[in-house]
There are 2 protein chains.
Amino acid sequence: MTTTPRRARAPRQSDVARLAGVSQSAVSRVIGGDTDAARIPEATVRRIQEAIKELGYVPNPTARKLRTGRNRLLGVHTFEAVFPRAREDFYFEFLLGIEERAEEIDHDLVLFTSTGGADGRRRVYRDGVNRLNVADGAVLLGVAADRAELARLEADGYPFVHIGRREVPGTRITCVVPDYESAAAAIVDRLADLGHTRVGYLSAGIDEESYADRRRGYESAVARRGLRDVSPAGPPGPGGVPDAAWLDRVADGALTAVVADAEWLAHPFAEALAARGLAVPRDVSVAVLEGVAADAPVRWDCLEIPRREVGRVAIDTLVGLLDEPGRDVTDVLVPCVVVEGETVAGVSEGSAG
Amino acid sequence: MTTTPRRARAPRQSDVARLAGVSQSAVSRVIGGDTDAARIPEATVRRIQEAIKELGYVPNPTARKLRTGRNRLLGVHTFEAVFPRAREDFYFEFLLGIEERAEEIDHDLVLFTSTGGADGRRRVYRDGVNRLNVADGAVLLGVAADRAELARLEADGYPFVHIGRREVPGTRITCVVPDYESAAAAIVDRLADLGHTRVGYLSAGIDEESYADRRRGYESAVARRGLRDVSPAGPPGPGGVPDAAWLDRVADGALTAVVADAEWLAHPFAEALAARGLAVPRDVSVAVLEGVAADAPVRWDCLEIPRREVGRVAIDTLVGLLDEPGRDVTDVLVPCVVVEGETVAGVSEGSAG
DNA sequence: TTGAAAGCGCTACCAT
DNA sequence: ATGGTAGCGCTTTCAA
């Protein structure tokens with residue numbers, strides 16, 4: 001048995017060319033499948049392919065990338081968590097969609113993992129080096145995206161898309177986002193269809209784009225349907241309990257339906273109602289504007305956030321950006337599904353007014 | 001406000017050089033920190049750094065890699081599973097160690113994710129292309145490592161280490177492995193120290209290197225300490241229940257201690273003993289040659305597999321390979337800790353003999 | 001139909 | 001101390 005020397009130099013196109021008795025460019029063309037443009041005779045192609053096989057030649061992706069700017073590598077950068085850990089549920093479905101779609105379109109994925117700061121937050125730029133640059137472009141995700149880094153990436157002309165809306169003043173970044181606005185509006189429409197005319201919005205008070213989207217959808221639908229908005233004035237107290245004065249008004253029949261932008265607001269609200277002798281959905285309907293685990297204690301009417309689809313769309317959007325660098329896409333919306341649960345009902349006679 | 005043209009060409013060293021009024025190689029030297037070798041005056045260095053800042057220059061890792069063969073990118077390839085899922089995941093602790101160490105030595109990690117086959121198994125080679133090639137080297141893991149791929153990688157001279165021993169005939173692959181052999185021997189030594197002279201080995205019958213390691217450690221220690229080996233003849237029946245005839249001999253006092261190479265063998269064994277009126281560890285001591293969850297129903301005497309440390313060592317070994325391509329490392333052993341539980345005791349008087 | 005050669009951005013050698 | 005330049009492996013234009 002011949003002992004292969006360890007760490008032998010990898011064969012290059014020129015080696016293949018020499019063995020096949022052709023020029024290096026011929027080899028390149030055969031590998032690139034360019035046999036149409038410059039018709040290479042069957043026989044030559046075969047000779048080259050044999051040489052490739054004999055030498056065990058594999059193209060060098062680095063050289064390819066340097067030359068063409070592409071290497072069919074897409075980066076994925078998450079701004080927090082080491083390997084998907086605490087937020088594993090949050091990321092997981094997105095990642096599945098990303099992977100699934102990348103593979104369908106024959107791209108490889110590169111997951112950038114290293115943190116970079118002692119704070120555990122992940123950075124794109126380390127010592128001024130854009131680590132993502134080895135990939136053709138990247139999908140970024142993370143609730144705590146660093147806006148300065150996004151802005152810099154954008155200024156550097158690095159192609160990327162962000163999952164979740166992120167607005168950075170003076171910058172147009174391409175985002176792929178669940179369409180919370182339409183979903184919130186659809187829920188209000190449903191309430192209106194069921195006869196509700198006085199509704200309220202329970203806000204967690206989170207200052208983030210996706211929550212603004214929900215609120216906007218709610219407000220536009222309330223206006224469009226001519227409903228009366230009877231939302232509490234301020235943010236909830238600790239534990240998500242709403243303002244007591246407002247609760248008393250609700251107990252007096254000030255509204256018949258409430259929309260909460262987080263599940264953890266709905267629970268204390270329902271309990272506060274119960275304490276006042278009201279029941280959900282008999283007296284007040286409640287809908288939640290986010291996804292709720294299937295095994296949750298209460299089957300809230302809620303949203304289903306199409307995480308997987310968002311991941312897939314992110315890949316397609318990114319590749320679109322790569323193929324057409326001129327394009328200026330900003331938001332790509334992915335529809336949410338409204339899930340009917342057990343907490344929304346028609347207006348009961350007693351509370352109609 | 002000036003509108004930056006989207007997707008502007010990234011600045012190169014030559015741009016910096018022009019702006020600073022120096023040659024491109026001077027720029028390269030400043031960036032490479034080579035100011036010692038070829039003393040560049042303070043003033044020049046500063047001018048160059050200003051130009052770098054003004055232009056927002058960042059080095060191109062692809063070009064770097066093409067030139068030097070290194071880009072401080074280490075690949076991680078897992079042969080199965082999509083994204084590392086839960087904490088309990090087989091991979092998780094290894095990955096933590098890998099990430100931790102890579103970061104300490106200022107390398108970035110690239111997680112190769114895409115499957116490649118319809119079977120869901122991950123491949124290194126796809127259409128003959130070694131996808132790992134963008135990284136300087138890689139750590140591979142996976143219980144179902146494809147030996148053919150390992151052999152090919154090795155033949156191609158690609159630098160990699162494998163976590164867990166994998167033997168491929170005719171090939172010397174570098175493995176980082178928990179030292180099961182020593183650990184198994186240490187456990188037997190402890191049993192011998194406690195007065196046990198007749199012992200048995202419960203094998204799950206898994207045909208894998210790490211199980212062979214355990215058995216070897218057991219057998220060498222048994223021989224060295226002059227113990228009598230009273231192991232069951234064949235593999236366990238369904239459910240891990242050992243051969244009944246052998247159990248009867250155990251009930252007759254044929255041995256006083258047993259070592260199991262999997263936790264799921266220890267349970268049915270203990271139950272079978274109980275059915276025959278024997279107790280663990282009163283009559284028979286039992287040790288498990290693998291890690292056991294801290295919250296397991298029985299606190300077995302067992303091993304603690306240093307997964308995190310294995311990950312760290314894998315990185316160091318890999319980088320060692322990169323720095324000294326000539327070296328021919330094969331197995332790197334990482335010590336296991338023997339965890340004392342409640343299932344091993346000294347030989348009781350009644351069963352001594 | 002095929003080959004020669006330029007050049008992607010960088011590092012390092014060899015001049016000055 | 002600094003600059004010119006070769007060349008990493010590849011794709012692609014231009015000539016032959």
Side-chain angles (χ1 to χ4, degrees), chain A residues 8-18 20-48 51-52 55-73 128-130 133-134 136 156-158, chain B residues 8-18 20-48 51-52 55-73 128-130 133-134 136 156-158:
Chain A
R9 180 171 79 34
R12 298 163 296 176
Q13 283 188 352
S14 56
D15 299 320
V16 175
R18 200 173 322 111
V22 295
S23 78
Q24 195 223 52
S25 38
V27 176
S28 175
R29 277 193 285 256
V30 166
I31 284 161
D34 237 15
T35 26
D36 299 325
R39 267 235 155 291
I40 298 184
E42 275 292 321
T44 312
V45 171
R46 227 193 334 273
R47 227 173 43 243
I48 292 175
I52 288 175
L55 262 43
Y57 166 82
V58 298
N60 179 326
T62 305
R64 247 185 190 160
K65 165 114 179 123
L66 186 60
R67 178 64 230 232
T68 62
R70 298 283 289 265
N71 59 181
R72 302 189 84 77
L73 235 44
V129 182
N130 173 359
N133 241 325
V134 284
D136 297 343
D156 283 357
Y158 184 83
Chain B
R9 178 173 77 36
R12 300 162 295 177
Q13 283 188 353
S14 56
D15 298 320
V16 175
R18 200 173 324 109
V22 294
S23 77
Q24 197 222 49
S25 34
V27 177
S28 175
R29 276 192 287 255
V30 166
I31 284 162
D34 240 13
T35 27
D36 299 325
R39 267 237 156 291
I40 297 183
E42 275 292 322
T44 311
V45 171
R46 227 191 336 273
R47 226 172 45 243
I48 291 175
I52 287 175
L55 262 43
Y57 165 83
V58 298
N60 179 327
T62 306
R64 248 183 189 162
K65 165 111 180 128
L66 186 59
R67 179 62 232 235
T68 62
R70 298 284 288 268
N71 58 180
R72 302 189 83 77
L73 236 43
V129 181
N130 173 0
N133 242 324
V134 284
D136 297 342
D156 283 356
Y158 184 82

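Order of the sequence lines sets the chain letters (A, B, ...), proteins ahead of strands, with each chain counted from 1.
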Can you check side-chain contact (heavy atoms from CB on, under 4.5 Å) on A/I31 and A/I52, steps first, answer last?
CA-CA 9 Å; A/I31 284 161; A/I52 288 175; 3.9 Å; yes
Distance check needed: D/dG3 P versus B/Q13 CD, whole Å only.
13 Å
Quick check on the helix from C/dT1-D/dA16 to C/dT16-D/dA1: what's the angle between its two end axes, five base pairs per end, to the nearest 10°?
50°
Have a look at B/S14 and say if it touches a base, only the backbone sugar-phosphate, or nothing, with a 4.0 Å heavy-atom cut-off.
nothing
Please list, for nucleotides 13-16 of chain C, all pairs of protein and nucleotide N/O atoms separated by less than 3.5 Å.
{"residue": "C/dC13", "atom": "N4", "partner": "B/R29", "partner atom": "NH1", "Å": "3.3"}

Rounded to the nearest angstrom, tell me the gap between atom NZ in B/K65 and atom C1' in D/dG7.
17 Å
Do B/V16 and B/I48 pass the side-chain contact (heavy atoms from CB on, under 4.5 Å) test, and can you show the C-alpha distance, the side-chain angles, and the key distance before you say yes or no?
CA-CA 7 Å; B/V16 175; B/I48 291 175; 4.3 Å; yes
For A/T62, answer base if it contacts any base atom (sugar-phosphate contacts may also be present), sugar-phosphate if it contacts only those atoms, and nothing otherwise; contact means non-hydrogen atoms under 4.0 Å.
nothing
Got a list of protein N/O to nucleotides 6-8 of chain C N/O distances below 3.5 Å?
{"residue": "C/dG7", "atom": "N2", "partner": "A/R67", "partner atom": "NH1", "Å": "3.0"}

What's the CD1-C1' distance between A/I48 and C/dT2, to the nearest Å?
10 Å
Identify the residue among A/V30, A/V45, A/V27 that makes a side chain to side chain contact (heavy atoms under 4.5 Å, CB included) with A/V22.
A/V27
A/I31 CD1 to D/dG9 C1', straight-line distance once rounded to whole Å:
11 Å
Under the 3.5 angstrom rule, does the side chain of A/R47 hit a backbone N or O of A/A20 as a donor-acceptor pair?
yes
Applying side-chain contact (heavy atoms from CB on, under 4.5 Å) to B/T62 and B/K65, what does each step give before you reach the verdict?
CA-CA 5 Å; B/T62 306; B/K65 165 111 180 128; 5.8 Å; no
